[in-house]
Amino acid sequence: MNTKSSTRPRPGRMVTAFALAVTLVTSVAVAATSASAAATLTVTQALAAQDGRTATVTGYVIGQPTASSTVITSNYTADTAIAIADAAGETSTGRMLYVQVTTAYRSSFGLLTNPSLRGRQITATGTLTAYFSHGGLKSPTAMSLGGTAPSPTASPSPTSTGGPYDSTYYANAMGKTGTALRSSLHSIIRTQTRLSYDQVWEALRDTDQDPANTNNVILLYTGRSQSKTSNGGGVDDWNREHVWAKSHGDFGTATGPGTDVHHLRPTDASVNSLRGNKDFDTGGSAVAEAPGCYTDADSFEPRNAVKGDVARMIMYMAIRYEGNDGWPNLEMNNSVSNGTAPYLGRQSVLLRWHAQDPPDTFEKRRNQRIYERWQGNRNPFVDHPEWAGAIWG
């Protein structure tokens with residue numbers, strides 16, 4: 001049996017306009033040059049940011065959208081719209097961005113005139129707003145072949161000195177510390193696609209897939225590999241664990257923190273129930289079904305292999321949810337008796353676990369899959385572990 005901790009300290013290149021014709025009006029060229037200074041978004045990010053902002057997006061041409069859930073890939077009927085995605089082989093319209101092709105660009109980017117564009121990478125600058133009642137980019141001011149967005153299929157290899165998303169996704173956070181870093185990261189990661197609670201099942205089958213058996217998921221606290229289809233409420237089923245216990249802030253399972261996959265993990269149903277809404281700390285009695293885990297009346301200690309994972313999920317939640325979008329302001333603290341308050345502890349222990357158990361291949365893949373396929377945002381403490389110290393000391 002472990003002993004209870006008694007320490008309680010306080011804690012691309014530039015995008016250029018495609019040379020359509022010498023008659024292209026000067027205003028369009030100027031707008032394109034200005035927009036190119038901003039970081040290029042992936043399609044996933046653009047779909048998560050349908051708020052009327054002007055943005056530059058890179059993706060692969062899939063086909064011509066004809067309805068909110070219909071994209072044709074041959075026998076094109078018009079030059080007025082194209083659908084793009086982060087992968088050239090994408091088949092789900094839910095992961096496609098519908099791009100309006102206005103008169104100035106139809107001769108070069110309309111699929112009726114240029115069917116060979118299918119599968120080509122393009123970059124477009126315009127307004128992120130619904131098109132065909134679907135996530136879209138309208139009124140383009142620049143369109144060009146090629147792009148500089150990071151490849152959505154390439155797994156990042158972040159280190160404490162840099163990573164592949166530093167010049168794009170994290171551009172506004174680089175070089176900052178303390179409150180300034182925290183504010184920048186919040187602004188970056190709050191842009192996300194929000195899932196329903198039912199969608200979380202399918203997301204977890206993808207994000208927590210057993211690398212040795214694609215039919216299984218790895219359960220967080222037990223480490224057990226279990227069939228993806230054995231989810232439910234039975235004692236040996238797996239279910240959806242809110243690592244930031246949903247009663248800590250009373251956010252439930254409505255779309256928002258209650259369905260944010262960055263802190264939802266597959267767990268054994270009975271172990272999930274045993275953990276309940278306890279804070280995290282060291283010590284207690286061994287958990288029979290989860291070797292290496294311990295619990296007592298007010299806290300839960302996960303196995304060593306995922307201590308850092310737990311800490312980084314909690315840190316993500318504390319930065320993502322700052323109380324400015326209708327959800328509680330979630331914060332770490334050094335208490336293990338937080339009840340329904342929007343706090344979760346013990347911060348000093350979580351920071352120690354974060355340092356002792358750095359991100360591994362499984363956690364990095366998980367972060368990438370959430371970014372690519374599900375929410376379009378990242379856990380910055382997986383990509384840059386040193387940012388935990390820069391914010392919380």
**Thr207 side chain to Ala203 backbone, donor-acceptor under 3.5 Å** = yes

**Prompt:** Can you tell me how far the CZ atom of Arg224 sits from the OG1 atom of Thr267, to the nearest 0.5 Å?
**Reply:** 9.5 Å

**Asked** What pairs with Thr222 under side-chain hydrogen bond (donor to acceptor under 3.5 Å, both in side chains), at least two apart in sequence or on another chain?
**Response** none

**Prompt:** Just checking, is any N or O donor in the side chain of Gln64 or Thr77 under 3.5 Å from an acceptor N or O on the other one?
**Reply:** yes

**Message:** Checking Asp383 against Tyr170: is there a side-chain donor and acceptor pair closer than 3.5 Å?
**Reply:** yes

**Message:** Apply the hydrophobic cluster definition, ILVMFWY joined by side-chain contacts under 4.5 Å directly or through others, and give me every member besides Leu204.
**Reply:** Leu195, Tyr197, Val200, Trp201, Val217, Leu219, Trp238, Val261, Leu264, Ile370, Trp374

**Message:** Using side-chain contact (heavy atoms from CB on, under 4.5 Å), reason through Thr80 and Val101 one step at a time and then give a plain yes or no.
**Reply:** CA-CA 5 Å; Thr80 54; Val101 182; 5.6 Å; no

**Request:** Using the six-membered ring of Phe381, assess whether NZ or CZ of Arg312 lies under 6.0 Å from its centre and within 45 degrees of the ring axis.
**Result:** no

**Request:** Report the C-alpha separation of Lys307 and Asp357 in whole Å, then their side-chain angles, then the decisive distance to 0.1 Å, and conclude whether the salt bridge (Lys or Arg N to Asp or Glu O under 4.0 Å) test is met.
**Result:** CA-CA 6 Å; Lys307 279 183 165 70; Asp357 174 35; over 6 Å; no

**Request:** With the side chain counted from C-beta on, respond yes when Thr259 and Ser196 share a heavy-atom pair under 4.5 Å apart, and no when they do not.
**Result:** no

**Prompt:** Under a 4.5 Å cut-off applied to non-hydrogen side-chain atoms, are Pro266 and Asn231 in contact?
**Reply:** no

**Request:** Keeping the roles fixed (side chain from Glu90, backbone from Ala87), state whether a donor-acceptor pair exists under 3.5 Å.
**Result:** no

**Request:** Let me see the working for Met315 and Ile319 under side-chain contact (heavy atoms from CB on, under 4.5 Å), right down to the final yes or no.
**Result:** CA-CA 6 Å; Met315 290 187 288; Ile319 296 298; 5.7 Å; no

**Donor-acceptor contact present, side-chain Ser273 to main-chain Ala269, <3.5 Å** = no

**Message:** With a 3.5 Å distance limit and no angle check, can you tell me whether Asp86 reaches the backbone of Val43 through a side-chain donor-acceptor pair?
**Reply:** yes

**Asked** Roughly how far, to the nearest 0.5 Å, is the CG atom of Asp236 from the CD atom of Glu289?
**Response** 6.0 Å

**Message:** Nearest 0.5 angstrom please: Phe362 CZ to Gln209 CD, how far?
**Reply:** 9.0 Å

**Prompt:** Using a side-chain heavy atom cutoff under 4.5 Å and only I, L, V, M, F, W and Y, what cluster partners does Tyr131 have?
**Reply:** Ile62, Val71, Met96, Tyr98, Phe132

**Message:** Quick check for you: to the nearest 0.5 Å, what is the distance between His354 atom NE2 and Trp392 atom CH2?
**Reply:** 9.0 Å

**Asked** Tell me the salt bridge (charged side-chain N to carboxylate O under 4.0 Å, His left out) pairs involving residues 131-145, sequence neighbours left out?
**Response** none

**Asked** Under 3.5 Å, side chain of Asp268 to main-chain N/O of Val271, donor-acceptor pair present?
**Response** yes

**Request:** May I ask you to check whether Asn379 and Asn367 show a side-chain donor-acceptor distance below 3.5 Å?
**Result:** no

**Request:** Only pairs at least two apart or in different chains count here, so list each salt bridge (charged side-chain N to carboxylate O under 4.0 Å, His left out) that has a residue in residues 202-213.
**Result:** Glu202-Arg205, Asp206-Arg365, Asp206-Arg369, Asp206-Arg373, Asp208-Arg265, Asp208-Arg366

**Prompt:** So which pairs with a foot in residues 188-198 pass salt bridge (charged side-chain N to carboxylate O under 4.0 Å, His left out), sequence neighbours left out?
**Reply:** Arg194-Asp325

**Asked** side-chain contact (heavy atoms from CB on, under 4.5 Å) between Leu330 and Leu344: does it pass, once the steps are laid out?
**Response** CA-CA 8 Å; Leu330 305 182; Leu344 200 143; over 6 Å; no

**Prompt:** Would you say the side-chain atoms of Ser184 pair up with the backbone N or O of Ala180, donor to acceptor, closer than 3.5 Å?
**Reply:** yes

**Fill in**
With sequence neighbours left out, the residues meeting side-chain hydrogen bond (donor to acceptor under 3.5 Å, both in side chains) with Thr255 are none

**Asked** Using a distance-only test with no angle check, is there a side-chain donor-acceptor pair under 3.5 angstrom linking Ser337 and Asp298?
**Response** no

**Message:** Tell me if a side-chain donor or acceptor on Arg346 pairs with a main-chain N or O of Ser335 at a distance below 3.5 Å.
**Reply:** no

**Prompt:** How far does CG of Asp281 sit from CG of Leu350, to the nearest 0.5 angstrom?
**Reply:** 8.5 Å

**Prompt:** Distance-only, no hydrogens or angles: does the Thr295 side chain make a donor-acceptor pair with backbone N or O of Ser299 under 3.5 Å?
**Reply:** yes

**Request:** Indicate yes or no: at least one non-hydrogen side-chain atom of Pro342 is less than 4.5 angstrom from one of Asn329.
**Result:** no

**Item:** Ile122 side chain near Ile82 side chain, heavy-atom distance below 4.5 Å
**Value:** yes

**Request:** Could you tell me the separation between the CG atom of Leu47 and the OG1 atom of Thr191, rounded to the nearest 0.5 Å?
**Result:** 12.5 Å

Listing, residues 241-254 side-chain donor-acceptor contacts under 3.5 Å, not counting sequence neighbours, or none:
from, atom 1, to, atom 2, distance (Å)
Glu241, OE2, Tyr221, OH, 2.5
Glu241, OE2, Arg275, NH1, 3.1
His242, NE2, Gly258, O, 2.8
Trp244, NE1, His248, O, 3.0
Ser247, OG, Asn277, ND2, 3.0
His248, ND1, Tyr343, O, 2.6
His248, NE2, Asn277, O, 2.7

**Asked** Do the side chains of Cys293 and Phe300 get nearer than 4.5 Å, heavy atoms only?
**Response** yes

**Message:** Does Tyr76 form a side-chain contact (heavy atoms from CB on, under 4.5 Å) with Arg118? I'd like the steps, not just the answer.
**Reply:** CA-CA 11 Å; Tyr76 304 114; Arg118 174 167 157 73; 3.4 Å; yes

**Request:** May I ask you to decide if the ring planes of Tyr169 and Tyr165 are parallel, tilted or perpendicular, using 30° and 60° as cut-offs?
**Result:** perpendicular

**Message:** Taking Asp279's backbone N and O only, do any of them form a donor-acceptor pair with Asn338's side chain (distance below 3.5 Å, no angle check)?
**Reply:** no

**Prompt:** Quick one: do the Asn377 and Tyr316 side chains pair a donor with an acceptor below 3.5 Å?
**Reply:** yes

**Request:** State which residues pass side-chain hydrogen bond (donor to acceptor under 3.5 Å, both in side chains) with Asn324; sequence neighbours excluded, sorted by chain then number.
**Result:** His186

**Request:** Indicate yes or no: at least one non-hydrogen side-chain atom of Thr93 is less than 4.5 angstrom from one of Thr70.
**Result:** no

**Prompt:** Under the ring-ring contact (aromatic ring centres under 6.0 Å, His included) rule, what pairs show up with a residue in residues 265-284, not counting sequence neighbours?
**Reply:** none

**Message:** Under a 3.5 Å cutoff, is there a donor and acceptor pairing between the side chains of Ser227 and Thr229?
**Reply:** yes

**Message:** Determine whether a donor-acceptor pair (N or O, by modelled atom type, separation under 3.5 Å) exists between the side chain of Lys278 and the backbone of Glu301.
**Reply:** no

**Request:** Hey, could you give me each pair passing salt bridge (charged side-chain N to carboxylate O under 4.0 Å, His left out) that has a residue in residues 329-340? Not counting sequence neighbours.
**Result:** Arg182-Glu331

**Item:** Test side-chain hydrogen bond (donor to acceptor under 3.5 Å, both in side chains) applied to Arg120 - qualifying residues, sequence neighbours left out
**Value:** none

**Item:** Residue among His384, Gln368, His262 satisfying side chain to side chain donor-acceptor pair (under 3.5 Å) with Arg378
**Value:** Gln368

